[in-house]
**Student:** 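Quick one: the structure is below, and I'll ask about it shortly.
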Number of protein chains: 2
Amino acid sequence: MARHTAPPPPFPRLEPFKVACSTCCLRHICLPTGLAPAEIEQLERMVHGRRVVPRNTVLFHAGETFESIYVVRTGFFKTSAIAEDGRDQVTGFQMAAELLGLDGICGGAHTCTAVALEDSQVCVIPYAKLDDLSRDFEQLQQQFHRLMSREIVREQQVLLMLGAMRAEQRVIAFLMNLLKRLQVRGFSSSSVVLRMTREEIGSYLGLTLETISRTLSKLQDEGMLEIRAREVRLLKQRQLSQLVRQAA
Amino acid sequence: MARHTAPPPPFPRLEPFKVACSTCCLRHICLPTGLAPAEIEQLERMVHGRRVVPRNTVLFHAGETFESIYVVRTGFFKTSAIAEDGRDQVTGFQMAAELLGLDGICGGAHTCTAVALEDSQVCVIPYAKLDDLSRDFEQLQQQFHRLMSREIVREQQVLLMLGAMRAEQRVIAFLMNLLKRLQVRGFSSSSVVLRMTREEIGSYLGLTLETISRTLSKLQDEGMLEIRAREVRLLKQRQLSQLVRQAA
DNA sequence: CGTCTAATTGAACATCGTCAATACTTGTGG
DNA sequence: CCACAAGTATTGACGATGTTCAATTAGACG
């Protein structure tokens, strides 16, 4: 987790080329969902550009003034926040078409830090402009509200996980959640390449890295899944999802 | 019957059925924040009315079609959701001026159940109308976005708590959070009347009711606080907040 | 190919959960 | 207003789950 101290802040690199929501393969699950072609064109003009975020670099820091929200275009991110006791804890992982920075709206400053876990690209959406535009386009406003609400629901589900599940259940639920999100994006429906370390998984799930490691090993011994370094292949999804459903 | 607790009720208990945001004592922390008088008037007209929710009755059920969001006017609520293993887990507690139902926006159905923990009243705000009106009033839109974002941040803070804090720290953090929110609303800054059972606190904090009870007793033995049934008086807030800050 | 980080595994220990017995509150009807 | 019942809270003993510390191995990257 000494990641933040890594390379110094890179200059925000904005791509010169035009953003093209209308032809983006993510348009069906991203902000443009539900918009008419003419509206999408306006949305494109609003997007400030793309920003390249190399692996292990920071997209935004907790405490930084909030100005834009970001949509992951390619790559993978983690967000982390400083707990009251000073620990840096992972609060989420984000992949393509997921939003980053929504927490900054309420106080005008980001409350978490976003770091790319692999070379990534994000679309930069100036929040003030999004607000303006969504006052003109009902569909855009509704989609934005849905996405914010989805964030609330997603966090609620994590709460449910942290509140009552045991280690094994948390790890399985985590893997299956990743898988489901990847599946929606057209990736394999049985294997995941983990972009994060055991320590980061542990931090997210409220467990230690040792427990993550042990749990994965145990599930492998039982033939439930197969681990090769950071690639996890879920072999018996039905049984795995049943394990999650079982009461503690 | 007249159980005299420290905090004097700062809000009038008796009210007509017409909604009057402009004279409501909560207007500075509620939806109308930032609106011009004329705009507030329009907002009032939009609010569908008030709804009385007696103690232990349901405001909305998980799975119910989402149509309105609610603002707590008086009283106290809990929200709970069904975890994958079938357990009913408390996901939050809401007091005056806090919103209920935001999770329903993304999927068109409520994802949690809201129950009044004391006789309560809520303002009913049809979501479709709120969307319409907020397209006309920039300030209303912004305030609504802030409130949704606040919900995201609030849940993030709970994540931080569940992820790494030990039982004692969770209980203290919980009490101090309640206190802070009550303080903003003009209540006592040192004592809280717990509207929920130990079991509900435990469910929320990912602990058992026994652990809650033991922890409170221990803190009382140490002179940190004083418990009389459901009234908790925090005696040494400085030391308590330091306990939370301490690494596990 | 060597160094550094990440991951695995073991053993001892701490925290919290479970089960159980008891006491206290609160609400109800006599 | 009191007595009783149901729900809620406290407390103890014991055990399970997950943490901590430590040693070792495997991978990643220059």
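Side chains are part of it too, since the values below use all heavy atoms of this structure and drop only hydrogens, waters and symmetry mates. Within every chain, numbering begins at 1; the chains are lettered A, B, ... in the order of the sequence lines, protein sequences first and strands thereafter. Keep in mind that this is a model prediction, so the values were computed, not measured.
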**Student:** Check the distance between D:dA28's P and A:N56's CG and give it to me in whole angstrom.
**Tutor:**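 It works out to 15 Å between those atoms.
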**Student:** Does A:R55 put a side-chain nitrogen or oxygen below 4.0 Å from OP1 or OP2 of D:dC29?
**Tutor:**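 Answer is yes, contact under 4.0 Å.
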**Student:** Which of the following nucleotides, D:dT17, C:dG17, C:dA6, is nearest to the side chain of A:T197?
**Tutor:**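 Among D:dT17, C:dG17, C:dA6, the one nearest the side chain of A:T197 is C:dA6.
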**Student:** If I take atom CG in residue B:L209 and atom P in nucleotide C:dC16, what distance separates them, rounded to the nearest angstrom?
**Tutor:**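 B:L209 atom CG is separated from C:dC16 atom P by 15 Å.
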**Student:** Does the distance from a Lys or Arg side-chain N to an Asp or Glu carboxylate O, for B:E155 and A:R154, drop under 4.0 Å?
**Tutor:** no
**Student:** For B:R87 and C:dG17, what is the distance between atoms CZ and P respectively, to the nearest whole Å?
**Tutor:**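 For the pair B:R87 CZ and C:dG17 P, the rounded distance is 11 Å.
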**Student:** Please tell me which of the listed nucleotides, C:dT8, C:dC16, D:dT10, lies nearest to the side chain of B:R166?
**Tutor:** C:dC16
**Student:** Round to the nearest Å and state the distance from B:I227 atom CD1 to D:dA9 atom P.
**Tutor:**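 Nearest whole value for this atom pair: 11 Å.
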**Student:** Looking at A:R185 and A:E98, does any basic side-chain N land under 4.0 Å from a carboxylate oxygen?
**Tutor:** yes
**Student:** Heavy atoms from C-beta onward define the side chain here; which of D:dT10, C:dT8, D:dG18 lies closest to that of B:R198?
**Tutor:**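 Looking only at side-chain atoms, B:R198 lies closest to D:dT10.
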**Student:** Is it true that the side chains of A:S190 and A:Q237 contain a donor and an acceptor less than 3.5 Å apart?
**Tutor:** no
**Student:** Atom CD of A:E210 and atom C1' of D:dC21: how far apart are they, to the nearest Å?
**Tutor:**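 Nearest whole value for this atom pair: 9 Å.
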**Student:** Please work out if B:G202 contacts a base, only the sugar-phosphate, or nothing of the nucleic acid, heavy-atom cut-off 4.0 Å.
**Tutor:** nothing
**Student:** Are any of the side-chain heavy atoms of A:I125 and A:S68 separated by less than 4.5 Å?
**Tutor:**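 In short, these two side chains do not touch, never coming nearer than 4.5 Å.
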**Student:** Between B:R228 (CZ) and C:dA23 (C1'), how many Å, whole number?
**Tutor:** 18 Å
**Student:** Would you say B:S213 places a side-chain N or O within less than 4.0 Å of OP1 or OP2 belonging to D:dA9?
**Tutor:** no
**Student:** Answer with yes or no after comparing the ring centroid distance for A:Y70 and A:F60 against a 6.0 Å cut-off, counting only values under it.
**Tutor:**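 Here the rings of A:F60 and A:Y70 have centres that are less than 6.0 Å from each other.
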**Student:** Using a cut-off of 4.0 Å on non-hydrogen atoms, how would the nucleic acid contact of B:L207 be classed: base, sugar-phosphate, or nothing?
**Tutor:** sugar-phosphate
**Student:** Between the base of D:dG12 and the side chain of B:R214, is there any donor-acceptor pair under 3.5 Å?
**Tutor:** yes
**Student:** According to a strict under-4.0 Å criterion, is B:R230 in side-chain N/O contact with OP1 or OP2 of D:dA9?
**Tutor:** yes
**Student:** Could you say whether A:I212 or B:E168 is positioned toward the 5' end of DNA chain C, judged by the nucleotide with the nearest heavy atom to each?
**Tutor:**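 First, find each residue's nearest nucleotide; the 5'-ward one identifies A:I212.
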**Student:** Do any side-chain nitrogens or oxygens of B:T208 fall under 4.0 Å of OP1 or OP2 in C:dG17?
**Tutor:** yes
**Student:** Rounded to whole angstroms, how far apart are CD on A:E231 and P on D:dG27?
**Tutor:**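 After rounding, the reported distance stands at 13 Å.
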**Student:** Using atom CE of A:M196 as one end and atom P of C:dA7 as the other, report the distance to the nearest whole Å.
**Tutor:**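 Whole-Å distance recorded here is 11 Å.
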**Student:** What's A:S217 touching, base or sugar-phosphate or nothing? Going by heavy atoms closer than 4.0 Å.
**Tutor:** sugar-phosphate
